[in-house]
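Comments concern the structure below.
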Amino acid sequence: MDVRVVDHPLARARLSSMRDARNDNATFRAALRELTLMLVYEATRDAPLAEGPLHTPVARTVGYRLATPPVLVPVLRAGLGMADAALNLVPEAQMGFVGMARDERTHQPVPYMESLPESLVGRPVFVLDPMLATGGSLVRTIELLTARGADDVTAICALAAPEGVERLGGSGLPVRLVTASVDERLNDSAFIVPGLGDAGDRQFGAV
Ligand code: PRP
């Protein structure tokens, strides 16, 4: 699997702000939004362009746009905090939504919502979720996408655990990963170490 770690100094600084347990929900949300801009920027680096003629106030030239804008799919809840920033950077994108909660005891993903275009054939999909821990939630989400014909999926995660990267890579699914960090490991509760805690709770409060 293609893994791109975005270790730009600004990305490291925003991720550090997310990691810092002293920071409140508003500070965490702002840092996630800003980091998402950087991750989506990198995720679209090799996106094919379509060309067309345009006139500047001075001369004729060639203009560019994304040939096939991605479908953005935030994974609820935590991925919601990435949705607006991603859409700001790619305003022509369509959006779908998946609700996925990890059972706190078994660590298994439980899908509870799916609102996606009927067909994803020929369309790049960007899945937005701050955390790739065991990988269960992302694998399950991407299976929902491939069932609709997706074959070009980019998982965009603030943070990943090596165990999750391995699981995603071994899944055989058509996915690449863009993340700001691959951390050390998972702990016994399947939390990423050093990580940042629970990205849903850090943004919106514990449920
Ligand atoms: C978190 C996170 C991922 C998932 C990662 O969501 O946002 O979706 O867990 O874990 P995994 O890789 O082991 O599956 P959570 O289930 O806490 O739900 P939330 O977004 O509603 O807080």
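Atoms within a ligand are numbered from 1 in the order they appear, just like the ligands themselves.
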- prompt: Can you tell which of Ala199, Ser137, Gly135 gets a heavy atom nearest to atom 12 (O) of ligand 1?
  reply: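 Checking each option, the heavy atom nearest atom 12 (O) of ligand 1 is found in Gly135.
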
- prompt: With a 4.0 Å cut-off on heavy atoms, does Gly164 reach ligand 1?
  reply: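 In this structure, Gly164 fails to qualify as a contact of ligand 1 - no heavy atom is under 4.0 Å.
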
- prompt: Among the heavy atoms of Leu138, does any lie under 4.0 Å from an atom of ligand 1?
  reply: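 Outside the 4.0 Å threshold, so no.
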
Which atoms of ligand 1 are found less than 4.0 Å from any heavy atom of [X]?
X	answer
Gly136	12 (O), 14 (O)
Ala101	16 (O)
Ala78	7 (O), 20 (O)

task: Check Thr134 against ligand 1 and report side chain, backbone, both or neither, counting heavy atoms closer than 4.0 Å.
output: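 Answer for Thr134: both.
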
query: Taking non-hydrogen atoms only, is Val207 closer than 4.0 angstrom to ligand 1 via side chain, backbone, both or neither?
result: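 Answer for Val207: neither.
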
Starting from [atom], locate the nearest protein heavy atom and write down its residue, its atom name and how far away it is, to 0.1 Å.
atom	result
atom 15 (P) of ligand 1	Arg102 N, 4.1 Å
atom 6 (O) of ligand 1	Met100 O, 4.8 Å
atom 17 (O) of ligand 1	Asp198 OD2, 3.5 Å
atom 22 (O) of ligand 1	Arg77 NH2, 3.0 Å

task: Indicate the atoms forming the closest heavy-atom contact of Asp188 with His107, along with that distance.
output: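 That closest heavy-atom pairing would be O-CE1, 3.8 Å.
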
Side-chain touch [X]/[Y], heavy atoms, less than 4.5 angstrom:
X	Y	result
Leu76	Val98	no
Arg102	Pro109	no
Val73	Leu116	yes

Residues [X], [Y]: salt bridge by 4.0 Å N-O rule:
X	Y	value
Asp84	Arg29	no
Asp183	Arg19	yes
Glu114	Arg148	yes
Glu42	Arg4	yes

- prompt: Does some non-hydrogen atom of the protein lie less than 4.0 angstrom from atom 4 (C) of ligand 1?
  reply: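 It does: a protein heavy atom is found less than 4.0 Å away from atom 4 (C) of ligand 1.
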
message: I need the Asp129 CG to Ile156 CD1 distance, nearest 0.5 Å.
response: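 It is 11.0 Å, given to the nearest 0.5 Å.
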
message: For ligand 1, which is the ligand I care about here, please tell me if Asp129 has any N or O atom under 3.5 Å from one of the ligand's N or O atoms.
response: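 Looking only at distances, the answer is yes, because the N/O contact criterion of under 3.5 Å is met.
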
message: Under 3.5 Å between any N/O of Ala133 and any N/O of ligand 1: does that happen in this structure?
response: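 Yes, Ala133 has an N/O under 3.5 Å of an N/O on ligand 1.
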
- prompt: Just wondering, more than 12 heavy atoms not from Phe204 lying within 6.0 Å of its CZ?
  reply: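 Enclosed: over 12 neighbouring heavy atoms sit under 6.0 Å from CZ of Phe204.
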
